[in-house]
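Below: one structure, written as structure tokens.
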Amino acid sequence: MKILVINCGSSSIKYKVFTLASEDVLAKGIVERIGMMGSQLTHVLLTGRNVEKKTIIEKDINDHQAALGLIVGTLLDQEYGVLTSLGDIKAVGHRVVHGGEKFSEAVMVDDHVIKSLRACSDMAPLHNPPNLLGISATQEYFPWARQIAVFDTAFHQKMPQKAYLYGLPYRIYQEYGVRRYGFHGTSHQYVAERAAVLLGQALGDLKIITCHLGNGASIAAVKNGIAVDTSMGFTPLEGLVMGTRSGNVDPAIIPYLMEKEGLSVEEVNTLLNKESGVLGLSGLSSDFRDLIIAEKQGNTRAAMALDVFAYNVVKYIGAYFMIMGGTDALVFTAGVGENSPEMRNQICSYLKFIGVEIDQVKNSVNGKETIISNSRSSYKVLIIPANEELMIAREVKKLL
Ligand code: AMP
């Protein structure tokens with residue numbers, strides 16, 4: 001049985017086709033710049049883990065419907081497709097960012113679910129509307145297929161009240177659902193599960209700090225398999241300094257800036273979400289690769305942005321170490337966490353005083369499951385590449 005996993009963003013759709021039983025990925029790809037100049041599809045045909053063929057199609061793609069049409073056409077292509085007919089796809093798994101308090105696990109999509117997701121959309125205006133577009137577009141192409149929504153917030157739903165409540169009047173939570181939800185849950189869950197396998201211990205016996213450090217970045221405290229706290233909050237803006245997002249700021253800065261610069265709500269949202277983070281600090285780039293190169297060339301603003309990023313990661317590690325009463329392992333995942341030995345070193349250098357020691361040969365390995373702490377280290381440090389799509393495929397399997 002084949003299933004399609006879709007991750008639909010505001011201007012992109014990522015996809016993977018899995019064989020459900022073996023969990024093999026047959027093909028994967030991304031449509032980028034939907035509704036913009038220079039839109040294109042990159043499609044990769046895989047055999048085992050090897051890339052068999054990579055195809056790039058440059059074409060005007062006006063909306064998500066058209067993007068999915070192009071994906072479907074590519075999947076059916078005789079040369080680089082993996083389907084003989086659309087009927088091969090029996091189910092579609094969707095990454096949905098915000099499930100609010102309603103969804104603590106994956107669900108089969110029906111009209112009631114769609115209505116609930118629409119209701120959550122004002123809490124995730126950048127994410128949930130495109131997720132819904134992805135669901136409706138796939139429903140048109142695969143009307144027979146089961147549609148399954150897997151939520152970024154679900155893994156965090158078991159967080160205790162003391163971790164999810166803000167110090168606001170309680171009625172704000174009661175009336176509007178304003179609380180910490182947490183995001184990247186599928187990723188935190190996946191890497192925590194993999195870490196337990198690599199460490200040869202039961203997840204239920206472990207305390208793990210999972211660091212999802214990508215363009216969006218968050219940290220979670222996973223105690224005995226439960227996410228007991230996480231850095232993102234009501235929206236994915238809270239917590240760490242990110243690629244373009246500010247992370248935590250004093251809330252009083254917002255009205256202050258609105259007044260000083262005459263900013264509207266939309267403008268201040270743009271400032272915090274798109275113009276801040278390491279991009280805003282460095283004035284150079286949101287891409288950590290650019291910043292690491294610039295730092296090596298002596299760019300002090302790039303160095304400062306990387307410093308602020310690492311420092312904030314360490315603050316959360318410290319906090320989660322305390323609330324869990326210690327930790328067994330620290331896990332790095334996502335673009336920066338998986339691929340940047342420099343950033344892993346920068347973060348772990350703060351942890352030397354508690355006995356964390358990194359094996360520099362192992363730390364030079366990128367994008368591969370590895371234990372990078374040495375045998376003397378008091379705590380294990382691991383790299384686990386993110387694989388949210390596989391986790392979604394597994395949720396689909398479970399529900400089917
Ligand atoms: P993600 O959001 O998980 O896709 O991560 C994207 C981010 O990973 C990009 O902004 C890059 O800055 C970062 N990244 C990817 N490869 C590397 C690398 N080799 N070194 C440092 N950062 C990297």
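Atoms within a ligand are numbered from 1 in the order they appear, just like the ligands themselves.
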[X]: numbered ligand 1 atoms lying under 4.0 Å from its heavy atoms:
X      : result
Ala334 : 3 (O)
Ile292 : 21 (C)
Asn215 : 1 (P), 2 (O), 5 (O), 6 (C), 7 (C)
Val336 : 8 (O), 13 (C)
Ser340 : 20 (N), 21 (C)

(request) Would you indicate whether the side-chain heavy atoms of Thr186 and Phe151 approach each other to under 4.5 Å? (result)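 Contact flag for Phe151/Thr186 side chains = no.
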(request) For the residue pair His184 and His212, categorise the inter-ring angle as parallel (less than 30°), tilted (30 to 60°) or perpendicular (more than 60°). (result)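 If you compare the ring of His184 with that of His212, the planes turn out parallel.
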For [atom], find the nearest protein heavy atom and state the residue, atom name and distance (0.1 Å precision).
atom                    : value
atom 22 (N) of ligand 1 : Phe288 CB, 3.5 Å
atom 11 (C) of ligand 1 : Asp287 OD1, 3.4 Å
atom 5 (O) of ligand 1  : Gly335 CA, 3.3 Å
atom 23 (C) of ligand 1 : Arg289 CG, 3.6 Å
atom 19 (N) of ligand 1 : Asn339 O, 3.2 Å

(request) Using distance alone, decide if ligand 1 has a nitrogen or oxygen within less than 3.5 Å of any nitrogen or oxygen in His212. (result)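 So ligand 1 has no N or O lying under 3.5 Å from an N or O of His212.
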(message) Would Gly214 count as a polar contact of ligand 1, with the cut-off being nitrogen or oxygen pairs under 3.5 Å?
(response)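 Between Gly214 and ligand 1 (N or O atoms, distance only) the closest approach is not under 3.5 Å.
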(request) State, to 0.1 Å, how close Tyr181 and His156 come at their nearest heavy-atom pair, and which atoms those are. (result)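 Here Tyr181 and His156 meet closest at O-CB, 3.1 Å.
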(message) If you scan the protein for heavy atoms around atom 16 (N) of ligand 1, do you find one that is closer than 4.0 Å?
(response)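 Under the 4.0 Å cut-off, atom 16 (N) of ligand 1 does have protein heavy-atom neighbours.
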(message) Does either side chain, that of Ser218 or that of His188, offer a donor lying less than 3.5 Å from an acceptor on the other one?
(response)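 There is such a pair (donor and acceptor under 3.5 Å, judged by atom type) between the side chains of Ser218 and His188.
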State the [atom1]-[atom2] distance between [X] and [Y], to the nearest 0.5 angstrom.
X      : Y      : atom1 : atom2 : result
Met304 : Asn299 : CE    : CG    : 9.0 Å
His94  : Leu117 : NE2   : CG    : 10.5 Å
Ile226 : Gln157 : CD1   : CD    : 12.0 Å

(message) Please determine whether a side-chain nitrogen of the Lys or Arg among Lys28 and Glu389 lies less than 4.0 Å from a carboxylate oxygen of the Asp or Glu.
(response)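 Between Glu389 and Lys28 there is no salt bridge, as every charged N stays at least 4.0 Å from the carboxylate O atoms.
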(request) Salt-bridge test for Arg95 and Asp152: reply yes if a basic N is under 4.0 Å from a carboxylate O, no otherwise. (result)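 Salt bridge: yes.
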